[in-house]
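Below is one structure, written out as structure tokens, with a few remarks after it.
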Amino acid sequence: MKKRLKYIVFFFFAYVFFLVFFMPADFAYGLLQKKIPQIARIKVYGVDGPWHNGKARGVAVDTVEATNVSWRLQPVSLITGRAVVDLHFQLVDSDFDCRIRARRGKLDLDDLQAQFPATLLTKVLPDMYAVPLGGLIRVAVNKVKIRDGLVALAEGRIVWTGAETTSEPQVRFGDLTVDIATSEQGVTAILTDSGGPLAAEGALIVSPDGKYSFTGNFSVRDKEQTALVDALSLLGRPAADGSMGVNFSGEVGRVLF
């Protein structure tokens with residue numbers, strides 16, 4: 001009798017494990033929507049495969065939509081109270097890959113790699129910022145740590161090659177680089193140029209409490225670039241040497257639900 005009971009218990013748990021492990025992703029998403037109301041912001045369609053290794057034709061968060069989304073969750077990681085997911089998706093036919101580590105109040109992104117035309121920014125930014133852009137953007141972010149909704153650590157580099165606006169009059173900036181690192185002050189993003197039409201240098205600092213400040217200096221190397229001169233004049237009155245100082249500050253919103 002005891003032996004039979006052991007078999008019953010074993011097959012019962014094996015059956016439950018089978019049901020959970022191979023639960024369809026769309027069914028799991030429906031359960032999450034009921035348990036976490038904030039998930040309603042995320043619209044998912046065309047879901048296929050099990051919850052831990054599936055794909056979706058599209059995922060939309062507010063006005064930003066990703067397509068050809070696929071994920072591979074490490075189920076064993078759930079035992080330790082966290083989720084580790086390898087994620088791939090496309091934004092306007094441009095590929096993005098990263099690894100996400102998540103637990104309550106914490107979110108880590110590792111090895112975010114992407115290369116996409118700058119026109120993508122025009123399509124995902126709000127209309128008020130949607131200036132037609134040209135050039136190629138390469139993103140190589142080694143690590144991002146988010147704690148309680150605020151960025152606590154970030155390391156990586158973003159390079160914008162052939163930066164320009166494509167609407168008339170066309171404004172060419174040249175190649176721009178942003179190096180991201182973390183110090184005692186917080187997360188810093190240092191802007192530099194590579195000797196193109198626009199001389200650019202600046203520093204964005206995001207403190208641990210979510211407040212940010214940017215200080216930059218911009219000038220035109222080739223004064224015959226009248227479109228660039230006119231564009232800079234929109235920032236304010238230039239100094240005696242023709243350079244334009246830019247300073248602003250504010251507070252970033254929390255990035256978790």
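As a basis for the values below, the full set of heavy atoms in this structure was taken, side chains included, without hydrogen atoms, waters or symmetry mates.
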(message) So, taking the atom named OG in Ser249 and the one named CD1 in Ile205, what distance separates them when rounded to the nearest 0.5 Å?
(response) 11.5 Å

(request) Before giving the answer on side-chain contact (heavy atoms from CB on, under 4.5 Å), spell out for Val151 and Val206 the whole-Å C-alpha distance, their side-chain angles and the decisive distance to 0.1 Å. (result) CA-CA 8 Å; Val151 178; Val206 182; 5.5 Å; no

(message) Going by side chain to side chain contact (heavy atoms under 4.5 Å, CB included), name the residues that satisfy it together with Leu109, two or more places apart in sequence or in a different chain.
(response) Ile100, Leu107, Val144

(message) Could you work out, with side chain to side chain contact (heavy atoms under 4.5 Å, CB included) as the rule, every residue matching Pro117, not counting sequence neighbours?
(response) Ser94, Thr119

(message) Run the side chain to side chain donor-acceptor pair (under 3.5 Å) test against Asp86 and tell me which residues pass, sequence neighbours left out.
(response) Arg99

(message) If I take atom OG from residue Ser70 and atom CD from residue Gln90, how far apart are they, to the nearest 0.5 angstrom?
(response) 9.5 Å

(request) Output all residues satisfying side chain to side chain donor-acceptor pair (under 3.5 Å) with Asp97, sequence neighbours left out; order by chain, then residue number. (result) His88

(request) Let me see the working for Val229 and Val220 under side-chain contact (heavy atoms from CB on, under 4.5 Å), right down to the final yes or no. (result) CA-CA 6 Å; Val229 173; Val220 180; 4.0 Å; yes

(request) Would you give the length of the straight line joining atom OG of Ser194 to atom CH2 of Trp160, rounded to the nearest 0.5 angstrom? (result) 13.0 Å

(request) Give a yes or no on whether the backbone of Ala203 and the side-chain of Thr215 come within a donor-acceptor separation of less than 3.5 Å. (result) no

(message) Taking salt bridge (Lys or Arg N to Asp or Glu O under 4.0 Å) as the cut-off, I'd like each qualifying pair that reaches into residues 197-213, sequence neighbours left out, listed once.
(response) none

(message) Has Asp48 got a side-chain atom pairing as donor or acceptor with Lys55's backbone, closer than 3.5 angstrom?
(response) no

(request) Return the set of residues passing side chain to side chain donor-acceptor pair (under 3.5 Å) with Asp108 (not counting sequence neighbours), or none when no residue passes. (result) Arg147

(message) To the closest 0.5 Å, what do you measure between CG (Leu191) and CG (Leu204)?
(response) 10.0 Å

(request) Name all residues meeting the side chain to side chain contact (heavy atoms under 4.5 Å, CB included) criterion together with Val85; count only those two or more places apart in sequence or in a different chain, and write none if there are none. (result) Trp71, Leu73

(message) If we check side-chain contact (heavy atoms from CB on, under 4.5 Å) with Leu112, which of these qualifies: Val141, Leu87, Asn142?
(response) Val141

(request) Enumerate the residue pairs fulfilling ring pair (Phe, Tyr, Trp, His ring centres under 6.0 Å) with a member in residues 203-222, sequence neighbours excluded, ordered by first and then second residue. (result) Phe214-Phe248

(message) For Arg72, give me all partners under side chain to side chain donor-acceptor pair (under 3.5 Å), at least two apart in sequence or on another chain.
(response) none

(request) Quick one: list whatever passes side chain to side chain contact (heavy atoms under 4.5 Å, CB included) with Gln170, sequence neighbours left out. (result) Glu164, Arg172

(request) Sorted by first residue and then second, give each salt bridge (Lys or Arg N to Asp or Glu O under 4.0 Å) pair with at least one member in residues 153-163; sequence neighbours left out. (result) Arg157-Asp179

(request) Drop me the distance from Leu120's CG to Leu133's CG, to the nearest 0.5 angstrom. (result) 10.0 Å

(message) Tell me every residue that passes salt bridge (charged side-chain N to carboxylate O under 4.0 Å, His left out) with Arg138, counting only those two or more places apart in sequence or in another chain.
(response) none

(request) Say whether, by atom type as modelled, one donor and one acceptor occur between the side chain of Thr161 and the main chain of Asp175 under 3.5 angstrom. (result) no

